[in-house]
Chemist: 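Would you mind keeping the following structure in view while I ask a few things?
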Amino acid sequence: MSISRRHILAQAGGSAALLCFGSAALGRVVGDSRFAKPITETLAEAMANQVAPGFQLAVMEQGKFIYHQSGGKANLATCEAVNSSSVFRIASLSKQFTAAAILKLAQMGKLELNAPISRYLPFTAVLPEIRVIELIHQTAGLHSDESEVAELQSETKNRTQIDLAKEITAQSNPVDFLPGTAWFYSNANFIMAGALIEQVSGKALHRAFRELIFSPLGLKTIAMDHADDDVARRVVGYSHAENQPPTFVPAAFMKVEEAGGAGALRGTASDLCRWHHALLNGRLLDPAHLQIMLAPGRLRDGRLSGANRFSPEDAHYGDVQYGCGLLVSPASDPHPNIMHYGFISGFSAMLLTELKAQRTVAILFNADPGPALPFSKLRKLILT
């Protein structure tokens, strides 16, 4: 999820070098697998390049953990180390949970995926007709000018997802294209999906998530975050300071709860692996709705959504498609997989599952994204 003016309230901390980063050693490796040596080497190189103060990684295969590792610092002010229980913000990995909650409500008969969202959110009737499924396929076309939304409200007001959805609807240009005609990654689509969940369930989003997904699946560390929550073993997020040598400063403060369905969750790498295992083994959705969750999205004319990407900058996706809050590998890939990245102020994340082996990797860093993050290397290791 992008960092915008409407989220940034203040710059926390100073710009002085945080010296305890120098002790950012890798933690003890737990597990004995063929991945241990290459993963350990990859992470050691990344930490030597100071990609982040700390990290947490877990690998699961067929429901069993085969590798754990954590290292570095969760908090540079206290020199607290990252361990397997440390809790990170997971940013846009949240989108797949939002999509799953929508599908669960559909399975329960509480909404229809092809119905217009105005059936449930009447204030959206002023928009071109958007179908529920188009929100979580990123084909709804909702414009995500978060700086404009900021001008419509006070930063001090506590807003629900429905409040934010009304602000998105009130934008001067609320849609980038006619719904169902193109694909474009927009946080506004998932904020609107969060509003749908609140409206249909009759509950605040954090409670709906907990009752629909987290509690039934035993995901104890995954929750909707709030800036004021007192979280045991909470990891602090950092940004790179423009110093030589490179140092870190606390990331800009944000009302993370307002990222809602687009990026407000927190959790651990282990629970993220458990999430994919539970999802893929039918513990949340019935076969029909699980198939929808994992299938590439389509435009209203029947083409794969990636056939018409709204932004030329998205050409790098190639044949990779977008399902329901998930990137889906093309049919030609010898290692079919689902995955997503997550980026939010001070945090970077990746969650990937190779579907044939049901091998999942979750990797979390407490720093803004940068080219030295080893996501690509780790992805290749898991898929070979």
Side-chain angles (χ1 to χ4, degrees), residues 1-3 8 10-30 35-59 67-93 233-254 256 263 266-269 272 341-352 361-382:
M1 181 180 181
S2 60
I3 305 165
I8 298 173
Q11 178 68 37
S15 59
L18 295 161
L19 298 180
C20 87
F21 179 69
S23 60
L26 271 64
R28 182 172 63 94
V29 175
V30 179
F35 300 107
K37 186 174 185 293
I39 288 178
T40 300
E41 291 175 348
T42 298
L43 291 171
E45 179 184 13
M47 296 305 287
N49 290 329
Q50 297 192 7
V51 298
F55 74 91
Q56 185 184 81
L57 178 141
V59 182
Y67 185 90
H68 282 276
Q69 191 171 21
S70 57
K73 301 302 179 185
N75 187 324
L76 291 175
T78 64
C79 289
E80 178 185 353
V82 176
N83 61 35
S84 61
S85 300
S86 299
V87 177
F88 290 69
R89 288 179 178 170
I90 64 172
S92 285
L93 301 188
R233 298 186 177 89
R234 178 191 284 279
V235 174
V236 177
Y238 292 92
S239 298
H240 288 271
E242 295 182 1
N243 295 6
Q244 292 297 328
T247 57
F248 290 92
V249 294
F253 179 78
M254 62 178 295
V256 66
R266 64 176 187 249
T268 62
L272 287 169
Y341 297 104
F343 304 111
I344 203 166
S345 182
F347 294 90
S348 301
M350 182 185 78
L351 176 62
L352 177 147
V361 60
I363 175 71
L364 309 174
F365 290 96
N366 60 336
D368 292 335
L373 284 171
F375 290 148
S376 179
K377 289 182 179 179
L378 290 169
R379 181 174 179 271
K380 290 177 182 177
L381 286 173
I382 294 300

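These values consider heavy atoms only, across backbone and side chains, with no hydrogens, waters or symmetry-generated copies.
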Chemist: Working to the nearest 0.5 Å, report the span between CZ of F375 and OG1 of T42.
Modeler: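 These two atoms lie 13.0 Å from each other.
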
Chemist: Is the shortest side-chain heavy-atom distance between T268 and V87 below 4.5 Å?
Modeler: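 A side-chain contact exists here, since the closest heavy-atom pair is under 4.5 Å.
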
Chemist: A349: which residues meet the side-chain contact (heavy atoms from CB on, under 4.5 Å) condition with it, sequence neighbours left out?
Modeler: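 Once residues adjacent in sequence are excluded, the partners of A349 under the side-chain contact (heavy atoms from CB on, under 4.5 Å) criterion are L93, L364.
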
Chemist: Tell me, please, which residues at least two apart from K377 pass side chain to side chain donor-acceptor pair (under 3.5 Å).
Modeler: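 Partners of K377 by the side chain to side chain donor-acceptor pair (under 3.5 Å) criterion, ordered by chain and then number, come out as E45.
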
Chemist: With sequence neighbours excluded, what pairs up with R379 under the salt bridge (charged side-chain N to carboxylate O under 4.0 Å, His left out) test?
Modeler: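 Once residues adjacent in sequence are excluded, R379 has no partner under the salt bridge (charged side-chain N to carboxylate O under 4.0 Å, His left out) criterion.
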
Chemist: Would you call I382 and V59 a side-chain contact if the rule is heavy atoms closer than 4.5 Å?
Modeler: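 Sidechains of V59 and I382: in contact.
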
Chemist: Quick one: are I363 and L43 in side-chain contact, heavy atoms under 4.5 Å?
Modeler: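 Sidechains of L43 and I363: in contact.
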
Chemist: For the pair E80 (side chain) and A74 (backbone), establish whether a donor and an acceptor sit closer than 3.5 Å, ignoring hydrogens and angles.
Modeler: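 No, E80 side chain to A74 backbone: no donor-acceptor pair under 3.5 Å.
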
Chemist: Using the ring of each side chain (for Trp, its six-membered ring), is F248 parallel, tilted or perpendicular to Y238, with breaks at 30° and 60°?
Modeler: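 Rings of F248 and Y238: perpendicular, as their planes differ by over 60°.
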
Chemist: Looking at S348 and A367, would you say the former's side chain and the latter's main chain have a donor-acceptor pair under 3.5 Å?
Modeler: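 Between the backbone of A367 and the side chain of S348 there is a qualifying donor-acceptor contact (under 3.5 Å).
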
Chemist: Do the ring planes of F88 and F347 sit parallel (below 30°), tilted (30 to 60°) or perpendicular (above 60°)?
Modeler: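 Perpendicular, since the angle between the ring planes exceeds 60°.
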
Chemist: Hey, does L373 have a side-chain heavy atom less than 4.5 Å from the side chain of M350?
Modeler: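 M350 vs L373: side chains apart.
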
